[in-house]
Amino acid sequence: MTRPSPVRYALPATAKRLHLIGMPGAGKTTLGRALAVAYGLPFLDLDEEIVQREQRSVSEIFAQEGEEYFRQREADTLRDVVATYPRLVLATGGGTPCFHHNLEVLLTTGLTLYLAVPVEELVRRLQAVAASRPLLAALPDAAGLETRLRETLAARQGFYDSAPICCAAPTCSLEAVQQLIARYFTTA
Ligand SMILES: Nc1ncnc2c1ncn2[C@@H]1O[C@H](COP(=O)(O)OP(=O)(O)OP(=O)(O)O)[C@@H](O)[C@H]1O
Ligand SMILES: O=C(O)C1=C[C@@H](O)[C@@H](O)[C@H](O)C1
Ligand SMILES: [Mg+2]
């Protein structure tokens, strides 16, 4: 099989910011890092940026200040980040598009990609780490985790579906996403 030419997948000069949205465990951070390398763009993870600014973990912020405080910090940090970085691949938090008009910020300041992954796969990926996620901790078992993820996805689906590009598993490979991005720019 011949490898596709890298030129075909080059990011158009007009696309300087890529935003990845999707459920916890969808692969935003993993794919975001790979896209940043592929396109030669800086990478930033919004959760990590908040943690750095607050000098405490997301779980600690939720436990000590509550979710509303976290959502406000998330909204402020998102706006700072897009104002600061003219070129960027940004992995958002799972809830980022759903609060404080962040969706509008994401859609108007970069090309937003939704990583759609079935809940069964999210359960597999998150089972081991759910205890460290404030909104997924304290669930009794995998069935509880699955129920919580289904409810969360149902509430968020409308926000996620606003992204102009949707990459559905199992085709969320780096190459598949690059093809979707290239196709978006040739048909837009
Ligand atoms: N395409 C993939 N196929 C299989 N596993 C993957 C894939 N992408 C990511 N993973 C795995 O799924 C887990 C979650 O990935 P990642 O941290 O990138 O997701 P995320 O969307 O950033 O999650 P969060 O919202 O919690 O930050 C990790 O263990 C990662 O190795
Ligand atoms: O899905 C969510 O609401 C969250 C996902 C994480 O990325 C963090 O932003 C935080 O744990 C909240
Ligand atoms: Mg992440």
Side-chain angles (χ1 to χ4, degrees), residues 18-38 43-54 56-81 88-103 105-106 112-139 142 144-160 163 165-180:
L18 294 176
H19 302 149
L20 300 179
I21 65 173
M23 287 286 283
K28 303 178 294 294
T29 301
T30 307
L31 186 67
R33 286 189 198 285
L35 282 168
V37 171
F43 171 78
L44 208 137
D45 184 282
L46 195 61
D47 283 333
E48 285 170 16
E49 185 65 21
I50 297 166
V51 165
Q52 213 168 41
R53 290 176 181 211
E54 287 276 319
R56 49 187 169 166
S57 70
V58 170
S59 291
E60 285 169 338
I61 301 170
F62 268 74
Q64 292 164 11
E65 313 289 348
E67 180 171 357
E68 184 42 46
Y69 176 89
F70 175 81
R71 295 302 175 194
Q72 194 57 61
R73 292 296 286 149
E74 180 178 54
D76 296 344
T77 307
L78 172 65
R79 285 157 178 78
D80 281 358
V81 162
L88 182 67
V89 177
L90 177 66
T92 63
T96 306
C98 315
F99 295 88
H100 296 301
H101 301 284
N102 294 338
L103 181 63
V105 174
L106 292 166
T112 301
L113 289 86
Y114 166 40
L115 300 188
V117 175
V119 166
E120 298 77 11
E121 174 64 15
L122 296 178
V123 172
R124 273 192 289 278
R125 293 185 192 176
L126 292 170
Q127 236 166 342
V129 296
S132 65
R133 309 296 176 102
L135 298 178
L136 303 177
L139 296 169
L145 177 59
E146 179 169 347
T147 303
R148 172 66 57 83
L149 289 170
R150 284 197 193 288
E151 291 167 355
T152 304
L153 178 58
R156 293 178 174 177
Q157 193 73 68
F159 293 90
Y160 293 151
I165 297 182
C166 172
C167 189
T171 53
C172 288
S173 66
L174 173 63
E175 194 158 278
V177 172
Q178 286 188 280
Q179 287 188 44
L180 285 174

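If you're wondering where the values come from, they're calculated on a predicted model, not measured in any experiment. One-based numbering, in listed order, for ligands and for the atoms of each. Below, each value reflects all heavy atoms present in this structure, side chains not excepted, and no hydrogens, waters or symmetry copies.
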For atom 9 (O) of ligand 2, what is the nearest protein heavy atom, given as residue, atom name and distance?
Asp47 OD1, 2.6 Å
Geometry only, no angles: is Thr92 polar-contacting ligand 2 at N/O separations under 3.5 Å?
no
Quick one: nearest non-hydrogen protein atom to atom 5 (C) of ligand 2, plus distance?
Gly94 N, 3.4 Å
From the Mg ion (ligand 3) out to just under 2.8 Å, does an N/O/S atom of Thr29 turn up?
yes
Residue Met23 vicinity, atoms of ligand 1 by number, heavy atom under 4.0 Å
21 (O)
Could you tell me, atom by atom, which parts of ligand 2 come under 4.0 Å of a heavy atom of Leu135?
2 (C), 3 (O)
Answer whether the closest heavy-atom distance between the side chains of Leu174 and Val37 falls below 4.5 Å.
no
Thr30 N/O under 3.5 Å from ligand 1 N/O
yes
How far is atom 12 (O) of ligand 1 from its nearest protein heavy atom, and which residue and atom is that?
Arg125 CD, 3.1 Å
Run the contact test for Lys28 against ligand 2 with a 4.0 Å cut-off on heavy atoms, strictly below, and give the result.
no
Within the 4.0 Å heavy-atom shell around Phe70, which atoms of ligand 2 are there?
9 (O)
Do any nitrogen or oxygen atoms of Gly25 come within less than 3.5 Å of a nitrogen or oxygen of ligand 1?
yes
With heavy atoms and a 4.0 Å threshold, my read on which part of Lys28 contacts ligand 1 is both
Specify whether Tyr160 and Tyr114 have parallel, tilted or perpendicular ring planes, treating 30° as the upper limit for parallel and 60° as the lower limit for perpendicular.
parallel
Report yes or no: does Lys28 contribute a side-chain atom to a donor-acceptor pair with the main-chain N or O of Leu115 at less than 3.5 Å?
no
With heavy-atom distances below 4.0 Å as the criterion, list the atoms of ligand 2 near Gly93.
7 (O), 9 (O)
Tell me whether His19 contacts the main-chain N or O of Leu106 through its side chain, where contact means a donor paired with an acceptor under 3.5 Å.
yes
Would atom 28 (C) of ligand 1 count as contacted, meaning some protein heavy atom under 4.0 Å?
no
So Phe99 and Glu68, do their side chains get closer than 4.5 Å, heavy atoms only?
no
Looking only at the side chains, is there a donor atom on one of Thr96 and Asn102 sitting less than 3.5 Å from an acceptor on the other?
no
Does Arg79 reach the main-chain N or O of Val105 with its side chain, forming a donor-acceptor pair under 3.5 Å?
no
Under 4.0 Å between a side-chain nitrogen and a carboxylate oxygen: does that hold for Glu49 and Arg53?
yes
Nearest non-hydrogen protein atom, atom 19 (O) of ligand 1:
Gly27 N, 3.1 Å
With distance as the sole test, does Arg33 use its side chain to make a donor-acceptor pair with the main-chain N or O of Phe43 at under 3.5 Å?
no
Within a strict 4.5 Å, meaning less than it, do heavy atoms of the Leu153 and Leu122 side chains meet?
no
Are Phe70 and Asp47 close enough that some pair of their side-chain heavy atoms sits under 4.5 Å apart?
yes
the protein heavy atom lying closest to atom 1 (O) of ligand 2 turns out to be Arg156 NH1, 2.8 Å
Could you check if a side-chain atom of Leu180 sits within less than 4.5 angstrom of a side-chain atom of Leu113, using non-hydrogen atoms only?
no
Under a 4.0 Å heavy-atom limit, does Arg133 contact ligand 1 with its side chain, its backbone, both, or neither?
side chain
Atom 11 (O) of ligand 2 sits nearest the protein heavy atom Val58 CG1, 3.6 Å
Ala26-ligand 1 polar pair, N/O distance under 3.5 Å:
yes
For atom 12 (C) of ligand 2, the protein heavy atom that lies nearest, with its residue and separation:
Arg71 NH2, 3.8 Å
